[in-house]
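The model shown is predicted, which means the values in this text are computed figures rather than measured ones. Just so it is clear: chains get the letters A, B, ... in the order the sequence lines come, proteins before strands, and each one is counted from 1.
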There are 2 protein chains.
Amino acid sequence: MTTQQLVQEIKRKRSFLCIGLDVDLNKIPQHLLEEEDPIFAFNKTIIDATHHLAVAYKPNLAFYEAYGIKGLKALGKTIDYLNKNHPEIFTIADAKRGDIGNTSGMYAKAFFEDLNFDSVTVAPYMGKDSVEPFLAYEDKHTILLALTSNAGAFDFQTEKIDGEELYKKVLKVSKSWVNGQNLMYVVGATKAEFLADIRNIVPESFLLVPGVGAQGGSLEEVCKFGMNRNVGLLVNSARGIIYASGGVDFAEAAAAKAKELQEQMAAFL
Amino acid sequence: MTTQQLVQEIKRKRSFLCIGLDVDLNKIPQHLLEEEDPIFAFNKTIIDATHHLAVAYKPNLAFYEAYGIKGLKALGKTIDYLNKNHPEIFTIADAKRGDIGNTSGMYAKAFFEDLNFDSVTVAPYMGKDSVEPFLAYEDKHTILLALTSNAGAFDFQTEKIDGEELYKKVLKVSKSWVNGQNLMYVVGATKAEFLADIRNIVPESFLLVPGVGAQGGSLEEVCKFGMNRNVGLLVNSARGIIYASGGVDFAEAAAAKAKELQEQMAAFL
């Protein structure tokens, strides 16, 4: 998918909502455990109930790997279901990968070719040659961790190098990599006050913003400081939507929560 | 496995060799492609031929994920084979994971409980709460990226924070985390001259050292600057051993290369 197609979809749906498909079998409605594939059954129902409100879905790989082969099969079925039924929806493999060049190339193959995700999240610690193999794919998107939503973001990301925080260095340096102008970045909503500075460095880039809702970030602040002329934002919500109800009405509850967020977003567009 | 058991095994075998099981179906002997599971067949043959010379095996997850479910089944069979037949051998899931706390906990479950690896490599960028869920497991080991073997290591890892390189900050800060004294660290052999400084900061920690051989690192330098009173080193070689021959004699060729490295190591012990 091209960035232009993503922007069109955002304008059409009046939404920049990304729904995190972080499936925990201890949290899904217990009647689903009788299904042959409870993880996929849950995801399919959530997607069917919310696809008109969201422009992106983001499974976090950890939740699938924790269930072994069974989890990875469910992930495969989920991305296939999305690609087949909703090809206009942007898909994000939240994997936070990164390794030496030839090895990152294998991860890129796994996520972009085999699973056919539109994008993957990548960690910047190992530098240029760990990220460029992902950037080599045309019309696929690499979303680099910049300033994350957790408390540990303050351990290294905000430490200063030559008077400037590491995450700013990551933003600046990564722009110079081959196809670096196509990068998107993870910026946590819990640190919305940093968004103005970030927009100065990467005015055109899309930002994937986790941390609204359960983690305490404010949508209003994110929009105020983070939006650009192409909207330039994907705001993720996972638990707040997918676990809005633990009962048989979980799909309706998820749709209601997604609708609430979509309407808030529409007001900022 | 405890660190003490690893040290005993190093002394018994007079080896601190770790063999990287980075299986690429384009590089393995072509007659193996007729096997039902070529990846596992290759790994099993390499393990059978080298287990008396190595103290650790390290599959890099990217190579398995690149083959989808088939690759991950082969990984499962490989770790099961090692745990059943060679429980004294240290196993490393080279996964370079790291995410917000509850999500890192899911990765820890995947690698430590389901797959039953002894250790996993973890990226430090997201800080304390992304690493501590791994450290919570007793007699499991978390191997934190410090200074990697690739060119991109110089993009951020060696940048100075308050006059000190980021990787040194990672070493110092991580020691203070809950169970941080149990951390091991990845330090590339291609940067052996940095090992003296690293040993000053983490004198007791085990270092996993990739980059000897194919990437150009020197075993002599690694030993000179990196060894401590418990040896404290695991030196990884992958391509140089497992692809020593692409023919039907690949197992013998791998054993010969491993033996050569083991003998060089014994001379430094």
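Both the backbone and the side chain of V170(A) come within less than 4.5 Å of a heavy atom of chain B. Both the backbone and the side chain of A151(B) come within contact range of chain A, judged by heavy atoms closer than 4.5 Å. With a threshold of 4.5 angstrom between heavy atoms, P210(A) does not approach chain B through any atom at all. For L115(A), no part sits under 4.5 Å from any heavy atom of chain B, backbone or side chain.
Ranked by heavy-atom pairs under 4.5 Å with chain A, the list A108(B), G68(B), A146(B) is led by A146(B). Interface check for chain A: of the options A123(B), P124(B), G98(B), the most heavy-atom pairs under 4.5 Å are formed by P124(B).
Nearest heavy atom pair, residue M106(B) against residue A62(A), reads CB-O, 3.6 Å.
From I161(A), atom CD1 reaches atom CD1 of I161(B) across 5.0 Å, with rounding to the nearest 0.5 Å.
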Query raised in the report: Given the rule in the side-chain contact (heavy atoms from CB on, under 4.5 Å) test, do I69(B) and I69(A) qualify, once you have shown the distances and angles that lead to the verdict?
Result: CA-CA 7 Å; I69(B) 299 293; I69(A) 300 291; 3.9 Å; yes
Tell me which donor-acceptor pairs, judged by distance alone and kept under 3.5 Å, run between chain B and chain A, one pair per line.
| from | atom 1 | to | atom 2 | distance (Å) |
| --- | --- | --- | --- | --- |
| N60(B) | ND2 | D99(A) | OD2 | 3.1 |
| A62(B) | N | Y107(A) | OH | 3.4 |
| E65(B) | OE1 | R97(A) | NH2 | 3.1 |
| E65(B) | OE2 | R97(A) | NH2 | 3.0 |
| A66(B) | O | K109(A) | NZ | 2.8 |
| K96(B) | NZ | D99(A) | OD1 | 3.2 |
| K96(B) | NZ | D99(A) | OD2 | 2.8 |
| R97(B) | NH1 | Y107(A) | OH | 3.4 |
| R97(B) | NH2 | E65(A) | OE1 | 3.1 |
| R97(B) | NH2 | E65(A) | OE2 | 3.0 |
| D99(B) | OD1 | K96(A) | NZ | 3.2 |
| D99(B) | OD2 | N60(A) | ND2 | 3.1 |
| D99(B) | OD2 | K96(A) | NZ | 2.9 |
| Y107(B) | OH | A62(A) | N | 3.4 |
| Y107(B) | OH | R97(A) | NH1 | 3.4 |
| K109(B) | NZ | A66(A) | O | 2.8 |
| Y125(B) | O | Q157(A) | NE2 | 3.0 |
| Y125(B) | OH | A146(A) | O | 2.6 |
| M126(B) | O | N150(A) | ND2 | 2.9 |
| K128(B) | N | D155(A) | OD2 | 2.6 |
| D129(B) | OD1 | N150(A) | ND2 | 3.2 |
| D129(B) | OD1 | G152(A) | N | 2.6 |
| D129(B) | OD2 | N150(A) | ND2 | 3.0 |
| A146(B) | O | Y125(A) | OH | 2.6 |
| N150(B) | ND2 | M126(A) | O | 2.8 |
| N150(B) | ND2 | D129(A) | OD1 | 3.2 |
| N150(B) | ND2 | D129(A) | OD2 | 3.0 |
| G152(B) | N | D129(A) | OD1 | 2.6 |
| D155(B) | OD2 | K128(A) | N | 2.6 |
| Q157(B) | NE2 | Y125(A) | O | 3.0 |
| E159(B) | OE1 | K169(A) | NZ | 3.1 |
| K169(B) | NZ | E159(A) | OE1 | 3.1 |

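Residues satisfying the side-chain contact (heavy atoms from CB on, under 4.5 Å) criterion with P38(B), sequence neighbours excluded, are L25(B), I28(B), L33(B). Partners of A189(B) by side-chain contact (heavy atoms from CB on, under 4.5 Å), not counting sequence neighbours, listed by chain and number: V209(B), V212(B), V222(B).
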